[in-house]
Each structure stands twice: as C-alpha cells, then as structure tokens.
Amino acid sequence: MTTNPRPNRAQQTTLRAFLKNHANHAGSLLKMSIALGTFNAVLMIASAYLVARSIHLVMFQQAELATITPLLWPLAALILARAMLLGLSQRTSAKAALKIKTAMRHTLLEKLTLLGPSYIEQHGHGATLNTLHNGVEALHDYYANYLPSVAYSALIPLAILMVIFPTDWKAGLIFLFTAPLIPFFMILVGHQAEQLNQQRWQKLAVLGNYFFDRLQGLTQLKLFDATKRELKQIAKISDDFRHATLSVLKIAFLSSFALEFFATISVALVAVIIGFRLFFGTLDFATGFVVLLLAPEFYLPLRQLGSHYHAKLEGISAAADMLKILNEPIAENTNATISDHSPLKLECIEQLQINNLNFHYPNSHEGINDINLTFAGTGLYAIVGQSGAGKSTLLDCLLGFNPQVISAIVVNQQQLTQPDILHWQQHIAWIPQQPTLLFTTIKANLLLAKPDATAAQLAAAVKQAGALEFINALPNGFDTHIGEQGEGLSGGQKQRIALARAFLKQAPILVLDEPTAHLDSQTEQQVQHAINEYAKTHLVIVIAHRLNTIKHAKKILVMQKGTVIEQGRFVSLMQQQGGLFNLVNARSHRND
Ligand SMILES: Nc1ncnc2c1ncn2[C@@H]1O[C@H](COP(=O)(O)OP(=O)(O)OP(=O)(O)O)[C@@H](O)[C@H]1O
C-alpha cells in the first residue's frame with residue numbers, strides 16, 4: 001500500500017472542485033434544501049418581529065389578550081411552518097447526499113473495474129474498501145450538512161442585516177464587524193486541522209489493509225503461532241490511529257470552543273449595548289428586543305459552519321483517496337468507459353483469437369509476451385506450464401481484467417474494445433482456484449449465475465457438476481446456509497458448487513483454473529466427465545496440471561516464461577519431446 005503525501009494548495013483546489021462537481025449529481029435537490037432553509041430563516045425573522053411586538057404591547061401598552069391575538073395566530077402558524085421547513089430542508093439535503101454517494105460509488109466501481117484486480121492487489125484490499133465504504137460515507141456530512149451551512153452562513157446573516165440596518169443601523173454595524181471574526185478563526189485553525197485529518201485518513205487506510213490481510217490469514221497465523229505477535233502489531237497501528245484521531249479531535253474541540261466563545265462574546269456585546277441604549281432611552285423596547293432576538297440567530301449559521309467544518313475536512317481527505325483511484329491512468333484509451341451498450345454482437349462464439357498480446361505488471365518486467373492463439377467455438381483447451389509461466393496472467397487478460405490489452409482479443413472477427421468488457425464478461429463463466437461463494441444459502445449462491453433458473457435447471461446443473469448427492473445429504477439441502485467463502489464446505493464441495501453455478505449460466509465460454517485440484521479420484525472423474533461433455537457444445541479453457549485433463553484436450557498450450565512455446569494434441573506433443581514432455585516427466589518423477 002502506498003501512502004499519500006498531504007495534498008498541496010493546488011491539489012486542495014482540485015479536491016474542492018472535484019467535490020463541487022460531484023454535487024451536480026443532486027444539484028437541484030441541494031438548491032431546494034438551501035432555499036427551504038433560507039426561507040425558514042426569513043420566517044424566523046418575521047416571528048422575531050411578532051414576538052417583540054406582542055411583548056411590547058403587553059408590557060408597555062397593557063394590551064389585553066384579545067388585542068394581541070391577531071399577532072399570536074400568525075406566530076403559531078410561523079412556528080409550525082418553520083418546523084416543517086426545517087424537517088423538509090434536512091430531509092432534502094440528506095436525500096441529495098445519498099444520491100451523490102450512490103453516483104460516487106458507481107463511478108469508483110466503474111473505474112476499479114477498468115483498472116482490474118491488479119490495481120486493488122497493489123494498493124491493498126483494505127485501503128480500497130476503506131475508500132469505497134468509509135470514504136464515500138464521509139461525504140454524507142459534507143454534502144448534507146457542510147455545503148448547505150456554507151450557503152446559510154452567507155445568506156442568513158445577510159437577510160438579518162437587511163432588516164436590522166433599516167431598524168437600527170448601530171446594531172447592524174456591531175453585527176457587521178463581529179461576524180468575520182468567526183470565519184477568520186475557522187480558516188486559521190482549519191489549515192492545521194486539514195493536515196492532521198489527512199494523516200488520520202492515511203493511518204485508517206493502513207489499519208484497513210492490515211486488518212483485512214490478517215483476518216484472511218487468521219488460520220495460518222494461528223498455525224505459525226504468530227497471533228500474539230500480530231496482535232501486538234495491530235495494537236501499535238490502532239494506537240497510531242488513536243493518536244491521529246485524538247490530535248484531530250483536540251483541534252476540533254479547540255476550534256469549537258473558540259467559535260462558541262467569539263459568538264457568545266459578540267451576542268453579549270450586542271446585548272450590553274442594547275441594554276445601555278434602552279436604559280438611556282435612545283432606543284425603543286420593541287426595536288431593542290428584535291435586535292436581541294435576532295443576535296443569536298445572526299451568529300448561529302456561522303457557528304454551525306464551524307461545527308460542520310470537520311465534515312469538510314473528512315470530505316476533502318476522503319476525496320483525495322477517491323481522486324487517486326479516478327485519476328489512475330489506464331495504459332491505453334484513457335477516455336474509455338464501461339458501457340452497458342456495447343456494440344459487440346455475440347449470439348454464439350464461432351472463433352476466439354488472441355493477437356499479439358503483450359502484458360506487463362506495473363513497475364515490473366513480469367508478464368506475458370507475443371501471445372497469438374486461435375480457439376474454435378467448442379472444445380477443451382488446456383493451458384499448462386510451470387509455476388510462474390504466465391497461465392493466470394493470460395486468463396486474466398482474456399477475462400478483461402487487464403483492460404489496457406483488451407484489443408488483443410478478437411471474437412468472431414470483432415476486435416474487443418474497453419466498452420465491450422462488461423458485455424464480454426457476460427459470455428464467460430469463470431471458476432478461479434478459489435471460487436467466490438457468498439455468505440448465504442447454497443441455492444442463492446447458485447442462482448447468482450441465473451436468477452430466473454427453474455428448479456429443474458438448478459438440479460440438472462448441480463447433478464452435472466457431481467454436487468447433487470452431497471447437497472441432498474446436508475440437513476437443509478439447497479437451503480443450507482454457508483459461511484463466507486463457503487465456510488462449512490470442503491474444498492472439493494466448494495469447487496463443485498462453483499462448477500454447478502458455471503453450468504447453470506450456460507455461458508458459451510467456460511474458463512477454469514485447476515478445476516479438479518481439490519477432488520478425490522472418483523469425484524475428479526465425474527467432474528472431468530461433466531467438463532468434457534460441456535466442451536462438446538461450448539468452448540472450455542482450463543489451466544490444468546492433471547494428466548486426465550490434458551489428455552482429453554483438443555489442444556494443449558504449453559507456456560514458459562510468459563510465452564506459448566508449443567501447442568498441439570497430447571500425443572503429438574509428447575512425441576516431439578519438448579516442453580510438455582519435460583513437464584509430464586518432471587511431474588511423474590515428483591510423484592515417484
Ligand atoms: N500482481 C502481480 N504483480 C507483479 N508480478 C506478478 C503479479 N502477478 C503475477 N506476477 C508475475 O507474473 C509472472 C506470471 O505469473 P502467473 O501468476 O501468471 O503465473 P502462473 O503460470 O499462473 O503461476 P501458478 O501456476 O503458480 O499460478 C510470474 O513471474 C509472477 O511473479
């Protein structure tokens with residue numbers, strides 16, 4: 001995982017512009033929320049006038065209840081309207097934030113899909129998850145609270161000044177000169193707080209990566225008796241994070257205290273001056289009382305801006321991580337987007353070609369070179385080679401996980417482009433070495449491939465994968481809940497569920513990585529038979545080690561050091577005594 005240095009001034013401007021641009025996803029909702037909030041403030045000013053007038057009538061003109069009733073009714077209506085406006089405005093801004101967060105997650109996921117799994121591996125699953133989840137969540141307060149409060153801090157004091165100046169210009173002047181104190185102090189502490197908050201986010205990303213890694217490898221850590229050591233390390237990283245959080249909180253408390261202090265002093269100053277003027281009779285009670293009622297309301301939006309300043313810091317720090325993902329260049333065709341409207345036409349696969357495929361991992365010489373292959377629409381193709389020969393890399397490129405080289409793939413004479421990737425992937429069923437099974441029932445896991453599958457289709461696919469017997473033997477059959485990553489099932493059982501899911505999808509291309517690795521010899525035969533049957537009508541590409549798989553292949557592709565060194569049928573390749581011959585011999589020696 002890499003850590004971001006603190007963004008400089010130009011980058012911060014970019015981050016603010018980025019957050020502002022994203023507000024456009026719910027621009028009208030945000031504007032509506034601000035308009036409702038501002039209208040609420042206008043009603044507040046009107047109710048202050050009504051309250052002051054009523055009290056003035058009662059105290060100085062001994063007015064009866066009947067005299068002030070015409071003032072009290074509108075006052076009650078104003079109070080009710082204000083409560084409704086406040087609720088509506090908050091609801092609208094929350095809705096806007098939700099819309100923006102959804103759009104942001106969508107944009108990030110699209111970009112991550114384009115960048116492929118290698119980007120996530122390089123930057124850490126925990127850190128990426130942190131950006132996608134905590135980062136996007138941190139934007140909620142930014143859009144729902146901070147942005148509206150920026151608008152209120154300008155609009156509401158302005159509205160109050162507009163009515164105070166004609167009423168009592170001296171009080172207006174006090175408001176005018178004390179108001180800037182609050183934003184000034186906020187900017188002063190904000191700079192330091194921004195830096196500390198950025199550091200806090202970096203520490204959170206490190207913590208996320210560390211937790212994710214250790215949780216995944218918990219069993220192995222236990223076996224190596226390394227849990228205590230790791231716990232110490234986790235405690236240390238958590239402590240670093242705690243210190244970083246406390247530093248931010250210290251600044252936040254300090255700034256809130258200062259803002260409250262300035263606001264209170266300003267209100268007190270107005271109150272003292274009004275008091276003196278009332279005492280010396282240079283001001284009438286109703287005017288003085290209106291000013292006193294409006295004084296706290298004048299500073300309230302500025303105080304709220306101060307209390308939401310933390311949301312701004314969080315938003316900016318989270319945006320830095322997001323922008324890093326979104327600005328990550330894709331080697332070729334950087335303007336490409338993933339589209340649901342791919343021009344690719346694929347009713348069935350007649351031919352699949354890989355032309356001049358060259359791929360290298362970022363900052364590394366490792367990868368695959370000069371791959372040129374042709375696959376027919378049906379048949380079993382086996383990819384073999386020593387560990388590190390480039391088999392998985394080749395499959396990753398074929399599956400569109402490395403979008404920058406997608407144009408090397410030609411299907412039915414159509415060259416793929418980046419917008420085709422999603423559409424292309426829908427035509428492939430893929431079973432990696434460790435297939436993903438979700439924390440739900442077996443049935444739900446199977447239906448992921450074809451949500452509308454009938455019970456008969458489900459049973460047929462499961463039977464074909466040799467999984468029907470063991471699923472039926474489970475206490476709840478298809479409704480048995482399995483843990484995360486298929487916890488509660490054996491390796492072979494997980495593999496067969498994944499296979500059944502692939503069969504259910506009936507994709508024209510089935511790609512498998514070591515499909516029989518975890519199976520006993522009887523199940524291996526069953527599964528191999530099922531794969532061979534599927535290959536009669538579909539294209540099956542498999543990374544294979546077992547002789548059984550290789551022998552039945554229509555073509556074997558032998559890889560070495562990132563290139564395909566030979567290809568052909570088993571018997572002829574063995575007769576050539578080349579790469580495959582050496583591999584088979586080395587393996588049989590190992591087994592001896
Ligand atoms: N994310 C990565 N970053 C950098 N290099 C990588 C990455 N993944 C793989 N490699 C390198 O690329 C080469 C090909 O790896 P690949 O995983 O494709 O081999 P393989 O034939 O599938 O190996 P195995 O049979 O052990 O799974 C190896 O030298 C490997 O070290």
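Both ligands and their constituent atoms are indexed starting at 1 by order of listing. Quick caveat: nothing in here was measured; it's all calculated off a predicted structure.
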Exercise. Passes salt bridge (Lys or Arg N to Asp or Glu O under 4.0 Å), Asp239 versus Lys236? Steps please.
Worked result: CA-CA 5 Å; Asp239 211 42; Lys236 191 188 163 307; over 6 Å; no
Exercise. Are Thr128 and Tyr119 close enough, and set up right, to give a side-chain hydrogen bond (donor to acceptor under 3.5 Å, both in side chains), and what steps lead you there?
Worked result: CA-CA 10 Å; Thr128 312; Tyr119 175 86; over 6 Å; no
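The closest protein non-hydrogen atom to atom 8 (N) of ligand 1 is Tyr361 CZ, 3.3 Å. In terms of protein heavy-atom proximity, atom 26 (O) of ligand 1 is nearest to Ser387 OG, 2.6 Å. For atom 11 (C) of ligand 1, the nearest non-hydrogen atom of the protein is Glu366 CB, 3.6 Å. Here the heavy atom of the protein found nearest to atom 23 (O) of ligand 1 is Gly388 N, 2.9 Å. Shortest contact from atom 17 (O) of ligand 1 to any protein heavy atom: Ser392 CB, 3.8 Å. Given atom 25 (O) of ligand 1, the protein heavy atom at minimum distance is Lys391 NZ, 2.9 Å.
Listed by number with element, the atoms of ligand 1 under 4.0 Å from a non-hydrogen atom of Thr393 are 14 (C), 15 (O), 16 (P), 18 (O). For ligand 1, the atoms sitting less than 4.0 Å from at least one non-hydrogen atom of Gln386 are 21 (O), numbered in the order shown with element in parentheses.
The backbone N or O of Gln464 lies less than 3.5 Å from no partner atom in the side chain of Tyr534, so there is not a single donor-acceptor pair.
Of the charged side-chain nitrogens involved, at least one lies within less than 4.0 Å of a carboxylate oxygen, so that Glu137 and Arg105 count as a salt-bridged pair. Residues Asp321 and Lys324 are not paired through a salt bridge, judged by the lack of any N-O separation under 4.0 Å between the basic side chain and the carboxylate.
Using bins of under 30°, 30° to 60° and over 60° for the plane-to-plane angle, the ring pair His423/His427 lands in the perpendicular bin.
Residues Lys101 and Val136 come closest through the heavy atom pair CD-O, 3.3 Å.
Put simply, no part of Gly385 is less than 4.0 Å from ligand 1, judged by heavy atoms.
In this structure, atom 30 (C) of ligand 1 has its sub-4.0 angstrom surroundings free of protein heavy atoms.
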